[in-house]
**Student:** 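For reference, the structure I am asking about is given below.
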Amino acid sequence: MTERIHNFNAGPAALPIQVLERIREELLNFQGTGMSVLEISHRSAVFERALNETVARLRRLMRLPDDYQVLFLQGGASTQFYMVPMNFLSAGDVADYVDTGTWAAKAMKEAKLLGHQVHLAGSSEDRKYSYIPENINFSRDAVYVHLTSNNTIEGTQWPEFPSTGGVPLVVDMSSDALCRPVEVKPFGLIYAGAQKNLGPAGVTLVIIRQDMLDRVKVNLPSMVSYQSHAAKNSMYNTPPVFAVYVVGLVLQWIEETIGGLEAMERINREKAARLYEALDSHNFYRPLVEKKSRSLMNVTFRLPTVDLEKEFVSEALAEGLGGVKGHRSVGGCRVSLYNAVTLEAVRDLTGFMKEFVRRRG
């Protein structure tokens with residue numbers, strides 16, 4: 001295959017074509033250094049400037065108050081599953097977790113492995129994670145409430161975040177960060193692996209409020225302490241230089257090409273509406289999520305038989321529509337509509353879906 005396809009992969013996922021072209025243009029000589037960004041020192045003035053510009057752009061896009069710090073860490077969002085309880089929970093402390101899918105359950109498991117008290121405040125496991133729970137039993141004395149904002153495998157998303165009575169929210173936004181504006185004040189900490197909506201694999205965004213940073217436990221190993229990374233502007237050790245650079249380009253694309261998060265949300269809602277309309281217009285396609293909990297980012301569905309699903313995935317790829325196979329743990333089909341996925345891609349996909357129904361329905 002010599003031409004690019006429409007990429008609906010769940011992560012690593014699509015990047016804006018403008019960003020890829022910019023990377024290509026700058027790859028051999030980054031900002032006049034005579035070196036690739038893959039080669040420059042993370043201590044150099046040119047990289048420090050790029051890092052600070054990326055942080056400043058994120059602050060503008062998310063309207064972050066001054067009491068939030070932005071960190072770029074390694075280890076993926078899965079490392080945050082244990083860093084969060086390690087930093088904030090001491091003996092006798094309780095943390096609330098809401099289980100809405102695979103990654104939420106894994107975060108809860110890691111906290112339990114460390115011996116901390118974990119209170120299951122809500123769950124949607126009873127209906128195969130097909131909805132976002134509304135009846136949540138928060139603890140009175142929880143240190144934080146952990147949520148997964150968008151469930152990549154199951155295809156659910158919090159339409160709005162619950163009121164916790166002032167308890168800080170700690171939210172895994174790996175698969176929907178910057179897909180829409182959010183009011184950040186209730187969040188004590190936000191973390192997100194970059195490889196879905198922000199950039200390439202290899203860097204994790206952490207946004208932490210100062211009061212949470214102040215309560216980080218002492219005597220932690222330096223690499224797992226948020227204090228270590230905050231004190232050194234994400235350069236306590238060598239950061240993932242290339243990945244941070246690409247995140248900066250993606251944020252520039254959102255801000256300058258798309259027009260900010262409000263415009264990004266309008267595009268994302270239009271993409272999702274087109275795809276859900278195609279799914280709902282014929283009972284051949286069977287969405288797996290209750291309507292009010294449907295994700296803007298990950299759309300999951302089944303076809304009448306497993307054989308038809310295999311044919312759907314194979315024929316879609318032959319038409320230049322890649323990445324529509326469901327996660328191996330649940331099967332079926334999944335279409336990821338991250339920020340970089342275009343309306344044109346969705347139009348081509350829905351056209352293929354109509355034709356597939358005509359031939360196979």
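Just so we're clear, the structure is a prediction, and the values are computed from it rather than from any experiment.
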**Student:** What heavy-atom pair brings Gly34 and Asn29 nearest, and what distance separates the two atoms?
**Tutor:** N-OD1, 2.7 Å
**Student:** Are the side chain of Ser44 and the backbone of Ile40 linked by a donor-acceptor contact shorter than 3.5 Å?
**Tutor:** no
**Student:** Does the pair Glu315 and Lys310 meet the rule for a salt bridge (Lys or Arg N to Asp or Glu O under 4.0 Å), with working shown?
**Tutor:** CA-CA 9 Å; Glu315 293 185 22; Lys310 291 178 179 178; over 6 Å; no
**Student:** Side-chain heavy atoms under 4.5 angstrom apart, residues restricted to Ile, Leu, Val, Met, Phe, Trp, Tyr: same cluster for Ile136 and Leu147?
**Tutor:** yes
**Student:** Using only atom types and a distance under 3.5 Å, with no angle test, would you say the side chain of Tyr68 pairs donor to acceptor with the backbone of Arg59?
**Tutor:**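 Side chain of Tyr68 to backbone of Arg59, a donor-acceptor pair under 3.5 Å: no, none is there.
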**Student:** CE/Met264 to CG/Leu61 distance, rounded to the nearest 0.5 angstrom?
**Tutor:** 11.0 Å
**Student:** Do Arg269 and Glu265 sit within salt-bridge range, that is, some charged N less than 4.0 Å from a carboxylate O?
**Tutor:** yes
**Student:** Do Glu53 and Arg57 pass the salt bridge (Lys or Arg N to Asp or Glu O under 4.0 Å) test, and can you show the C-alpha distance, the side-chain angles, and the key distance before you say yes or no?
**Tutor:** CA-CA 6 Å; Glu53 288 174 355; Arg57 201 178 293 275; 5.7 Å; no
**Student:** Check this for me: does any side-chain nitrogen of one of Glu355 and Arg358 sit under 4.0 Å from a carboxylate oxygen of the other?
**Tutor:**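 Salt bridge present between Glu355 and Arg358.
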**Student:** Between Ser174 and Asp172, do the side chains contain a donor N or O and an acceptor N or O under 3.5 Å apart?
**Tutor:**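 Side chains of Asp172 and Ser174: pair found under 3.5 Å.
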**Student:** Can you check whether Pro133 reaches Val98 side chain to side chain, under 4.5 Å on heavy atoms?
**Tutor:**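 Pro133 vs Val98: side chains touch.
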**Student:** Do Leu178 and Leu64 land in one hydrophobic cluster if side-chain heavy atoms of ILVMFWY residues count as linked below 4.5 Å?
**Tutor:** yes
**Student:** When the side chains of residues 101-116 are checked against the rest of the protein, which donor-acceptor pairs come out under 3.5 Å, sequence neighbours left out?
**Tutor:**
from   : atom 1 : to     : atom 2 : distance (Å)
Thr102 : OG1    : Glu154 : OE2    : 2.8

**Student:** Quick check: are there more than 12 heavy atoms from other residues, nucleotides or ligands sitting under 6.0 Å from CZ of Arg328?
**Tutor:**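 No.
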**Student:** Can you tell me how far CD of Glu48 sits from CG of Asn233, rounded to the nearest 0.5 angstrom?
**Tutor:**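 The distance works out to 6.5 Å.
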**Student:** Would you call Ile153 and Ser329 a side-chain contact if the rule is heavy atoms closer than 4.5 Å?
**Tutor:**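 In contact.
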**Student:** Are any of the side-chain heavy atoms of Gln157 and Ser149 separated by less than 4.5 Å?
**Tutor:** no
**Student:** Under the criterion side chain to side chain contact (heavy atoms under 4.5 Å, CB included), I'd like the reasoning laid out for Leu73 against Val203: C-alpha separation, chi angles, the key distance, then a yes or no.
**Tutor:** CA-CA 6 Å; Leu73 307 183; Val203 65; over 6 Å; no
**Student:** Hydrophobic clusters here meaning ILVMFWY residues chained together by side-chain heavy-atom distances under 4.5 Å, can you tell me if Leu317 and Val313 are in one?
**Tutor:** no
**Student:** Which pair of heavy atoms, one from Asn137 and one from His119, lies closest together, and at what distance?
**Tutor:**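 Closest heavy-atom pair between Asn137 and His119: O-CE1, 2.7 Å.
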**Student:** Using every non-hydrogen atom in the two residues, find where Ser175 and Asn197 come nearest and quote the distance to one decimal.
**Tutor:**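 Of all heavy-atom pairs spanning Ser175 and Asn197, the closest is O-ND2, 4.5 Å.
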**Student:** Can you tell me if CG on Asp66 sees more than 12 non-hydrogen neighbours from other groups inside 6.0 Å?
**Tutor:**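 For Asp66, atom CG is not crowded (no more than 12 foreign heavy atoms under 6.0 Å).
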**Student:** Distance-only, no hydrogens or angles: does the Gln195 side chain make a donor-acceptor pair with backbone N or O of Thr204 under 3.5 Å?
**Tutor:** no
**Student:** If two hydrophobic side chains count as joined below 4.5 Å and joins carry through other members, does Leu198 share a cluster with Val55?
**Tutor:** yes
**Student:** Would you give the length of the straight line joining atom CG of Leu189 to atom CD1 of Ile208, rounded to the nearest 0.5 angstrom?
**Tutor:** 5.0 Å
**Student:** Is Asn7 reaching over with its side chain to a backbone N or O of Asn9, donor-acceptor style, under 3.5 angstrom?
**Tutor:**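 Pair found, side chain donor or acceptor close to backbone of Asn9.
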**Student:** With respect to Tyr245, which candidate in Phe72, Phe47, Phe30 satisfies the ring-ring contact (aromatic ring centres under 6.0 Å, His included) definition?
**Tutor:** Phe30
**Student:** Taking the side chain as everything from C-beta on, heavy atoms only, tell me whether Phe8 gets closer than 4.5 Å to Cys333.
**Tutor:**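 Heavy-atom side-chain distance check fails, nothing below 4.5 Å.
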**Student:** With a 3.5 Å cut-off and no angle check, do the side chains of Asn298 and Asn150 form a donor-acceptor pair?
**Tutor:**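 Result is yes, a qualifying pair exists.
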**Student:** Would you kindly say whether Arg22 and Gln252 are connected by a side-chain donor-acceptor distance under 3.5 Å?
**Tutor:**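 Indeed, the side chains of Arg22 and Gln252 share at least one donor-acceptor pair under 3.5 Å.
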**Student:** Is a side-chain N or O of Arg209 found less than 3.5 angstrom from the main chain of Lys185, in a donor-acceptor match?
**Tutor:** yes
**Student:** Under 3.5 Å, is there a donor-acceptor pair linking the side chains of Tyr338 and Asn268?
**Tutor:** no
**Student:** Between Arg302 and Leu288, is a side chain to side chain contact (heavy atoms under 4.5 Å, CB included) present by the stated rule, with each step listed?
**Tutor:** CA-CA 7 Å; Arg302 302 298 302 251; Leu288 300 178; 3.5 Å; yes
**Student:** Less than 4.5 Å apart, any side-chain heavy atom of Val341 and any of Ser336?
**Tutor:** no
**Student:** Apply the test side chain to side chain contact (heavy atoms under 4.5 Å, CB included) to residues Asp348 and Phe352: give CA-CA distance (whole Å), side-chain angles for both, the deciding distance (0.1 Å), then the verdict.
**Tutor:** CA-CA 6 Å; Asp348 288 352; Phe352 166 78; over 6 Å; no
**Student:** Has the side chain of Glu39 got a donor or acceptor atom that lies under 3.5 Å from a matching backbone atom of Ser36?
**Tutor:** yes
**Student:** Atom NE2 of His146 and atom CD of Gln80: how far apart are they, to the nearest 0.5 Å?
**Tutor:**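 One finds 9.0 Å between NE2 of His146 and CD of Gln80.
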**Student:** Looking only at heavy atoms, which two atoms of Ile258 and Ala263 are closest? And how far apart?
**Tutor:**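 Residues Ile258 and Ala263, closest heavy atoms: O-CB, 3.3 Å.
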**Student:** Can you tell me how the ring of Phe312 sits relative to the ring of Phe356, calling it parallel under 30°, perpendicular over 60° and tilted otherwise?
**Tutor:**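 Perpendicular.
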**Student:** Say you draw a straight line from SG of Cys179 to CE of Met173; how long is it, rounded to the nearest 0.5 Å?
**Tutor:**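 These two atoms lie 8.5 Å from each other.
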**Student:** Give a yes or no answer on whether the side chain of Glu270 reaches the backbone of Leu343 with a donor-acceptor pair at less than 3.5 Å.
**Tutor:**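 No, the answer is negative, given that no donor and acceptor are paired below the 3.5 Å cut-off.
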**Student:** Looking only at heavy atoms, what is the nearest atom pair of Thr148 and Thr100, with distance?
**Tutor:** O-OG1, 3.9 Å
**Student:** Would Arg127 and Tyr129 count as a cation-pi pair here, with the cationic atom under 6.0 angstrom from the ring centre and within 45° of the axis?
**Tutor:**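 Judged by the rule (NZ or CZ under 6.0 Å from the ring centre, within 45° of its axis), Arg127 is not positioned above Tyr129.
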**Student:** Ignoring hydrogens and geometry beyond distance, is a side-chain donor-acceptor pair present between Asp93 and Gln117 at under 3.5 Å?
**Tutor:** no
**Student:** Could you state whether Val118 and Val170 fall into the same hydrophobic cluster, counting links through intermediate Ile, Leu, Val, Met, Phe, Trp or Tyr residues with side-chain heavy atoms under 4.5 angstrom apart?
**Tutor:** yes
**Student:** Look at Arg63 together with Glu262 and state whether they make a salt bridge at an N to O cut-off of under 4.0 Å.
**Tutor:**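 Looking at Glu262 together with Arg63, the answer is yes, because their closest N to O distance falls below 4.0 Å.
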**Student:** Looking at OH of Tyr226 and CD of Gln69, how far apart are the two atoms once the value is rounded to the nearest 0.5 Å?
**Tutor:** 13.0 Å
**Student:** Measure the acute angle between the ring planes of Tyr144 and Phe88, then classify it against the limits of 30° and 60° as parallel, tilted or perpendicular.
**Tutor:** perpendicular
**Student:** Does the Ser139 side chain pair with the main chain of Asp141, one donor and one acceptor, at a distance under 3.5 Å?
**Tutor:**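 Looks like no, no N/O pair under 3.5 Å.
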**Student:** Are any of the side-chain heavy atoms of Leu275 and Val335 separated by less than 4.5 Å?
**Tutor:** yes
**Student:** Under the side chain to side chain contact (heavy atoms under 4.5 Å, CB included) rule, what do Leu71 and Tyr191 come out as? Steps first, then yes or no, please.
**Tutor:** CA-CA 9 Å; Leu71 308 177; Tyr191 64 91; over 6 Å; no
**Student:** Does some side-chain heavy atom of Lys217 sit less than 4.5 Å from a side-chain heavy atom of Asn87?
**Tutor:**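 With C-beta onward as the side chain, the pair stays apart.
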**Student:** Quick check: does any side chain N or O of Thr257 sit under 3.5 Å from a backbone N or O of Ile254, one acting as donor and the other as acceptor?
**Tutor:**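 Pair absent, no side-chain N/O of Thr257 close to backbone of Ile254.
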**Student:** Could you check whether any side-chain heavy atom of Lys325 comes within less than 4.5 Å of a side-chain heavy atom of Arg334, counting everything from C-beta outward?
**Tutor:** no
**Student:** Measure from the side-chain N and O atoms of Asp96 to the backbone N and O of Phe138, and report whether any donor-acceptor pair falls under 3.5 Å.
**Tutor:** no
**Student:** To check you understand the geometry: which heavy-atom pair defines the closest contact between Asp176 and Met297, and what is its length?
**Tutor:** CB-CG, 3.8 Å
